Q: 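Handing you a structure now.
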Amino acid sequence: RFQIQRGKTDPTSYKSLGDCFKTIFQREGLLGFYKGIFPPILAETPKRAVKFFTFEQYKKLLGYASLPPGLAFAVAGLGSGLTEAVVVNPFEVVKVSLQANRSAFTEQPSSFVQARQIIKTDGLGLQGLNKGLTATLGRHGVFNMVYFGFYFNVKNILPVSKDPNLEFLRKFGIGLVSGTIASIINIPFDVAKSRIQGPQPVPGEIKYRTCFKTMATVYKEEG
């Protein structure tokens with residue numbers, strides 16, 4: 001919700017993350033925090049299946065290219081992320097449009113009604129159910145590239161422990177650091193995606209149109 005804001009001139013901007021939580025709870029109730037939950041639930045199973053299946057397939061294909069293992073993992077991660085993004089983007093469009101609705105949870109349309117309305121108004125293309133696809137490609141591609149590249153490279157460097165508890169902590173720690181670094185690097189794409197897929201500042205005018213132009217606008221206006 002915090003990412004959907006439309007700049008400092010937005011009269012309904014949240015002042016901080018804490019203010020965001022407090023305002024949502026006061027205006028929309030506890031269920032306001034769960035707006036747009038159904039599309040991610042629907043997307044989660046195919047998303048995970050696509051991510052790991054395609055990662056293994058890309059990794060096998062790259063085995064014929066004689067790339068260094070570290071680079072092969074990163075490129076396979078990039079490919080799996082780009083493929084994953086194509087699958088999840090329509091769900092993201094519906095999710096963001098539901099989260100941008102600041103009415104009470106019980107007053108907003110269902111996910112299916114919202115999806116039908118988007119298709120009816122703007123179609124299935126890059127202005128409709130696949131709006132913000134480039135930013136979603138960047139978000140998932142960069143995340144998976146950094147995550148898989150870092151995880152498998154570091155996992156192979158750090159020695160395996162015979163103690164099962166220490167081995168669990170080793171893998172957990174590597175996964176935690178990998179996910180943190182990947183999130184820090186890919187968050188500009190995530191913000192751009194939310195701005196493009198969310199409501200525009202002025203009705204009828206498109207301010208956030210393309211991925212990199214949106215990033216430039218956010219940087220210029222908000223730092």
Side-chain angles (χ1 to χ4, degrees), residues 1-44 47-48 81 84-85 88-89 91-111 114 118 131-132 135-136 138-144 146-147 150 169 172-203 205-223:
R1 293 289 291 276
F2 198 67
Q3 293 176 178
I4 302 174
Q5 296 191 104
R6 296 164 286 186
K8 296 178 180 178
T9 57
D10 185 350
T12 57
S13 285
Y14 304 115
K15 299 180 180 65
S16 65
L17 188 60
D19 179 62
C20 177
F21 274 92
K22 184 176 75 172
T23 303
I24 290 172
F25 182 74
Q26 290 176 342
R27 294 180 180 176
E28 304 168 38
L30 183 62
L31 292 177
F33 295 111
Y34 295 92
K35 284 184 175 181
I37 186 64
F38 195 52
I41 290 175
L42 286 178
E44 195 60 30
K47 168 186 168 182
R48 297 296 174 188
E84 177 189 23
V88 304
N89 193 66
F91 296 93
E92 288 289 318
V93 171
V94 177
K95 182 195 77 171
V96 171
S97 64
L98 288 171
Q99 291 177 340
N101 185 334
R102 300 195 181 189
S103 58
F105 183 90
T106 54
E107 296 174 0
Q108 72 170 15
S110 69
S111 298
Q114 187 72 12
I118 292 171
K131 183 190 295 184
T136 306
R139 183 180 78 156
H140 288 268
V142 169
F143 181 91
N144 285 2
V146 176
Y147 180 84
F150 186 91
L169 289 175
F172 179 82
I174 296 170
L176 180 65
V177 174
S178 302
T180 301
I181 294 174
S183 295
I184 290 171
I185 294 174
N186 92 322
I187 194 68
F189 290 98
D190 202 14
V191 172
K193 181 194 77 68
S194 297
R195 297 295 178 92
I196 294 168
Q197 294 175 347
Q200 300 293 317
V202 180
E205 295 182 16
I206 300 178
K207 178 178 181 179
Y208 303 116
R209 186 181 297 274
T210 62
C211 177
F212 293 105
K213 187 176 179 181
T214 298
M215 285 185 187
T217 300
V218 172
Y219 174 74
K220 181 180 178 181
E221 296 182 353
E222 303 169 46

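Not measured: the values here are computed from a predicted model.
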Q: To check you understand the geometry: which heavy-atom pair defines the closest contact between Glu221 and Lys207, and what is its length?
A: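 What the structure gives for the nearest pair is OE1-NZ, 2.8 Å.
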Q: Taking atom CG of Leu31 and atom CD1 of Ile24, what is their separation to the nearest 0.5 Å?
A: 12.5 Å
Q: To the nearest 0.5 Å, tell me how far Ile41 CD1 sits from Tyr34 OH.
A: 10.5 Å
Q: Using side-chain heavy atoms (C-beta onward) and a distance below 4.5 Å, is Lys131 in contact with Ile196?
A: yes
Q: On a heavy-atom basis, which atom in Gly36 and which in Pro39 lie closest, and how many Å separate them?
A: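 Nearest heavy atoms, Gly36 then Pro39: O-CD, 3.4 Å.
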Q: Report the residues that fulfil ring pair (Phe, Tyr, Trp, His ring centres under 6.0 Å) with Phe172, sequence neighbours left out, ordered by chain and then residue number.
A: Phe168
Q: Kindly compute the distance separating CG (Leu42) from NZ (Lys95), expressed to the nearest 0.5 Å.
A: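 So the CG of Leu42 and the NZ of Lys95 are separated by 13.0 Å.
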Q: Please give me the minimum heavy-atom distance between Ala135 and Cys211, naming the atom from each residue.
A: CA-SG, 3.8 Å
Q: Supply the atom-to-atom distance Lys213 NZ to Arg195 CZ, rounded to the nearest 0.5 angstrom.
A: 15.0 Å
Q: According to side-chain hydrogen bond (donor to acceptor under 3.5 Å, both in side chains), who are the partners of Arg48, at least two apart in sequence or on a separate chain?
A: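 By the side-chain hydrogen bond (donor to acceptor under 3.5 Å, both in side chains) rule, Arg48 matches Glu44.
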Q: Apply ring pair (Phe, Tyr, Trp, His ring centres under 6.0 Å) to Phe150 and list each qualifying residue two or more places apart in sequence or on a separate chain.
A: none
Q: Would you please name every residue forming a side chain to side chain contact (heavy atoms under 4.5 Å, CB included) with Thr23, sequence neighbours left out?
A: Tyr14, Asp19, Arg27
Q: Under the side-chain hydrogen bond (donor to acceptor under 3.5 Å, both in side chains) test, which residues partner Gln114, sequence neighbours left out?
A: Ser97
Q: Mind listing the side-chain donor-acceptor pairs of residues 180-193 below 3.5 Å, one per line with the distance, residues two or more places apart or on another chain?
A:
from, atom 1, to, atom 2, distance (Å)
Thr180, OG1, Leu176, O, 2.8
Ser183, OG, Gly179, O, 2.8
Asn186, ND2, Arg139, O, 3.0
Asp190, OD1, Arg139, NH1, 2.9
Lys193, NZ, Glu92, OE1, 2.8
Lys193, NZ, Gln197, OE1, 3.1

Q: What are the two closest non-hydrogen atoms of Ser111 and Leu98, and how far apart are they?
A: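 Minimum heavy-atom separation between Ser111 and Leu98: OG-CD1, 3.6 Å.
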Q: For Lys35, check side-chain hydrogen bond (donor to acceptor under 3.5 Å, both in side chains) against everything at least two apart and list the hits.
A: Glu28
Q: Only counting residues at least two apart or in another chain, list the ones meeting ring pair (Phe, Tyr, Trp, His ring centres under 6.0 Å) with Phe33.
A: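 Counting only residues at least two positions away or on another chain, Phe33 forms a ring pair (Phe, Tyr, Trp, His ring centres under 6.0 Å) with Phe21.
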